[in-house]
Each structure stands twice: as structure tokens, then as C-alpha cells.
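Here's the structure, in C-alpha cells; my notes come after.
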Amino acid sequence: MARHLKPLVAGNWKMNGLARSQSEFRKMVNAGASISGAKCELLICPPAQMLYLLNTVRGRSRRIGLGGQDCHAEVSGAHTGDISAEMLKDAGATYVIVGHSERRQDHAEGSTSVLQKVKAAERAGLRAIVCVGETEKERDAGKTLRVIGDQLKRSLPDGRTAASTVIAYEPVWAIGTGRTPTVSEVGAVHKFIRRKLAGRFGPEGEEMRLLYGGSVKPENADELLSIANVNGALIGGASLTAKDFLAIAAVYNS
Ligand code: PGA
């Protein structure tokens, strides 16, 4: 169990966000004070071109953290269209999501590449949110735990700590579909992940935060965030408005 670190409520804006979306972020920063004060940590991962802008919007307030959605393994160089962990850090990020299923699928990213990105995050001083999750086909074939065990093993370099690493369990079939696994299904996977992390990283693995992601909304947040070994959420669609994002985070206030 994460005994020392606050739960993390993280929003992934994906490929959504124009300069005008800063108003939604401003609302989050203003209203987020009451929520992030004691009970949980708030994070928004906007598209990279918005990081610097949102960092300016929040001014000196650190009520809401900022993160990238992906990074290249190298520091800099001839990699057209890519962004490095150092660049994200420079623009105001303290976290980076790596291995999201949309990256794994759309860009054929395998766990070997995810591992290099986790190392890059560490090199740049960013915390990595490492995503794992099974497809519907894998779940139907009874392979969920095997797939997740393999992703965890191959995506995480040795020496991970609770401070440097967050794991997000996101069943691929639950992302953006409105469907979620049952409480017992989420509980079983998170228990499995906890056991694997504790086995490999000892007390650091015991404390690492495990997020659930996939169709988290204000209506189901209470139920999902109360499950044992669920230490926060990774939220896509519902993180685009301050109202829904803060309503989810408010679960930790009740
Ligand atoms: P969703 O996305 O909340 O829109 O299902 C979750 C994610 O992909 O992180």
C-alpha cells in the first residue's frame, strides 16, 4: 500500500487542447486548491505544445502538476517529431506517461522501447507513469495476468522507487469506451501488480502508486478509487473539463 505518497489523480488530454483550453486548466488550478491540499495530488498531461503555456498559467502555484504524454529515449538529436524528457522538463513537466496503449498500438511501441523511455525520464528527473493493460482478446483468452506480468517485467528497469515510478493499469478495451471492468476484476489485477512490484522492488514496490485508467468518470470514481491497491486514476475524456476532473478528485475529500 502507498503509505507515504498521496494518491495521484492524473488527466491525460491526449491529442486535445488548443491555446484556448488554458481556461479549463485555469479553473482547475483555482478550484484545485481545496482538493490537492491534503488528500491527493493532481496532474494534467496536456499535448506537449501546451506545457509551457499551462506552466505560465499556473504561475507559482504548484497545486496541479504538469506532465508529458510520451518522450523519446534520447536527450536530443535528429528525431523529427519527437520530444525528449529533458524538453518536457524544461517546459514545466514533472511527470511523463510512457507506454500508453495508444502509443503501443499507433506507434508499435514495445516494452523494450518503453523501458528506454522510463530510463530517459529518470535521467531528466521526471517521474514515469508506466501504462500496462490487456486487450479484449487477451482478456477473453484468459491471458490478462500473463500479459500484464510480461509488460511490467519488460517495461521497468531495475531499481525503480515509489517516488520515481507510477504504474497505470488500463485495460485497452475500457479506454474511451464507457465500459469498465468489475470491482473484483480491477481488484484482482491491482493485487497481482502489487505482488509483482513488491517481489521485484521490495518496500519501494509496496509503496508505488497504482492507478486505474479506462472510462473513469465522476459517476464511477467513488467505486473504482475505493478498491484495494488503487492509489489514484489516469483519466482521459473526463479530464478535459475542470468540472469532471475535479469531481473525480473530490472522491478523496469525502
Ligand atoms: P478514458 O482514457 O478515460 O477516456 O477512457 C483513459 C486513458 O487512456 O488514459
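Counting starts at 1 for both ligands and their atoms, following the listed order. We count residues from 1, following the sequence as given.
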re atom 4 (O) of ligand 1, the protein heavy-atom contact at minimum distance is G237 N, 2.9 Å
Quick note on ligand 1: atoms under 4.0 Å from a heavy atom of L234 include exactly 9 (O)
Query - Expected output: side-chain E138 to main-chain T135 donor-acceptor under 3.5 Å - result: yes
If you compare G236, G176, C131 by their heavy atoms, the one closest to atom 5 (O) of ligand 1 turns out to be G176
Exercise for the section: Name the orientation class of the two ring planes belonging to H190 and Y212 (parallel below 30°, tilted from 30 to 60°, perpendicular beyond 60°). Expected result: tilted
Exercise. Using the side-chain hydrogen bond (donor to acceptor under 3.5 Å, both in side chains) rule, take E134 and W173 through it: C-alpha gap first, then chi angles, then the decisive distance, then the call.
Key: CA-CA 8 Å; E134 82 287 2; W173 51 273; 3.0 Å; yes
**Sub-4.0 Å heavy-atom approach of H100 to ligand 1** = yes
In this structure, are over 12 heavy atoms from other groups packed under 6.0 Å from E223 atom CD?
no
Ranked by distance from atom 7 (C) of ligand 1, the top protein heavy atom is E170 OE2, 3.1 Å
Atom 2 (O) of ligand 1 has as its nearest protein heavy atom K14 NZ, 3.3 Å
Would you call G214 a ligand 1 contact, heavy-atom distance under 4.0 Å? yes
Okay, side chain of E207, backbone of E204: is any donor-acceptor separation there less than 3.5 Å? no
Is the NZ atom of K217 crowded by more than 12 outside heavy atoms at less than 6.0 Å? yes
